[in-house]
Every structure is written in C-alpha cells, then in structure tokens.
Amino acid sequence: MSKFKKKNKVTENIPTSALPDIIFMLLFFFMTTTVLRENEMLVEQKIPEATQLTKLEKKTLISYLYVGKPKNTAMYGTEPRIQANDVLINTSDIALWVNQEKDKRSETEREMLTISLKADREVKMGPISDIQFELREVDARRVLYASVGKLQN
C-alpha cells in the first residue's frame, strides 16, 4: 500500500522581476496622455498691483473671466473684450456662461462659485461695471478681483 505524504508548506512565488518595467510603462503612458490644460489667452493681461491680498483655499470653486484688449486686433478690434474659458463672449453672454459654470459643479458647490475677474489695468470702468451688473442679474455675487502683489521695499 502506498502512503501519501501531506505537504505542510505550499509556496507560490509570484514573479516580481517584471513589475518595475510595468510601472514605468504605466507612468510613461499617463505622462504622455495627460494634458495639463490652461486657457489660451485671447486678451492682453497686465494685472494691477495690490498691497493687501488674500489667498483662496479651494481653487476648484473659481471660474475666470479675463477682460482686456484682444491680441488679434485685426479680427476683434481694439475695444476691451471678455474671455471666458477659451472663447470671447459679449456682456449679454455672461448669464449663460455663469449658469454653465454652475452646472459643472455639484449641487452643494453651486452657491459657493466665485468669479475671478482678471482685468487688464488699461480697461476702463464701463465694461467692468457692465460685467458686475450681469453677474448680479444671475446671482453670482462672489466676485474676486485678481491682482498681483506689490513688492514691499
């Protein structure tokens, strides 16, 4: 009669020699396919200086409006224009844009949406006042006026 021996220790080795290659391939893949997207500036920006600034904590709640003279003056003229994301809009389009920006946020974040107004220092107060009026009309009352810090000597 034959006796069967019971193996007490079963070892299964997982080959780990290919893991660094796989990790580097994944890292390379994500580095090449991920795009850090910035808005293409269609208007000139020379932001005014300020002496008292406050830094915001949660930047995901900020949507940006840029105001300035268009870079392509042959197509858009020399009057200040409003840029929202990557397109130039009119003052009458601000309400639609704000509602689209609110729709991108979750229900709880919609009321905390802050509009950052980055206006060129050469822009007169008339277009800024028109933008403020349109923002009030759609109840976008959290407005941030962007500036650069003035160096203290």
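All heavy atoms count here, side chains included; hydrogens, waters and symmetry mates do not.
- The CG atom of Leu144 sits 11.5 Å away from atom OG of Ser63, with the distance rounded to the nearest 0.5 Å.
- Remark: side-chain polar atoms of Asp120 are paired, donor with acceptor, to backbone N or O of Glu122 under 3.5 angstrom.
- Separation of atoms CG (Asn99) and CZ (Arg110) is listed at 10.0 Å; rounding is to 0.5 Å.
- Both Tyr76 and Tyr66 belong to a common hydrophobic cluster when Ile, Leu, Val, Met, Phe, Trp and Tyr are linked at side-chain heavy-atom distances under 4.5 angstrom.
- Scanning both residues, Lys102 and Asp139, for their nearest heavy atoms gives NZ-O, 3.8 Å.
- In terms of hydrophobic clustering, with Ile, Leu, Val, Met, Phe, Trp and Tyr side chains grouped at heavy-atom distances under 4.5 Å, Ile115 and Tyr145 are assigned to a common cluster.
- At most 12 heavy atoms of other shown residues, nucleotides or ligands fall within 6.0 angstrom of atom CD in Glu111.
- Between atom CE of residue Met31 and atom CZ of residue Phe24 there is a gap of 11.0 Å, rounded to the nearest 0.5 Å.
- Formation of a donor-acceptor pair under 3.5 Å by the Ser129 side chain with backbone atoms of Met125 is not found in this model.
- Considering every non-hydrogen atom in both Glu79 and Pro70, the closest pair reads O-CD, 3.2 Å.
- For the pair Ile94 and Val138, the minimum side-chain heavy-atom distance is 4.5 Å or more.
- Looking at Arg81 and Asn90, their side chains come closer than 4.5 Å, going by heavy atoms from C-beta outward.
- Under the 4.5 Å side-chain criterion, counting only non-hydrogen atoms from C-beta, Trp97 is in contact with Asn85.
- Contact annotation: the side chain of Glu134 never approaches that of Val98 to less than 4.5 Å [non-hydrogen atoms, C-beta and beyond].
- Taken together through direct or relayed side-chain contacts under 4.5 Å among Ile, Leu, Val, Met, Phe, Trp and Tyr, Leu88 and Leu65 form parts of separate hydrophobic clusters.
- Note that CG of Leu135 is 7.5 Å distant from CG of Leu117, once rounded to the nearest 0.5 Å.
- With a 6.0 Å radius and a threshold of 12 heavy atoms from other residues, nucleotides or ligands, Lys69 has its NZ atom at or below the threshold.
- The two atoms that bring Ile131 and Thr91 nearest to each other are N-CG2, 4.4 Å, heavy atoms only.
- Annotation: the span from Gln100 atom CD to Leu96 atom CG amounts to 4.0 Å, rounded to 0.5 Å.
- Nearest heavy-atom pair, Gly68 versus Val123, reported as atom, atom and distance to 0.1 Å: CA-CG2, 3.9 Å.
- Here the shortest heavy-atom pairing between Leu61 and Arg105 reads C-NH2, 4.1 Å.
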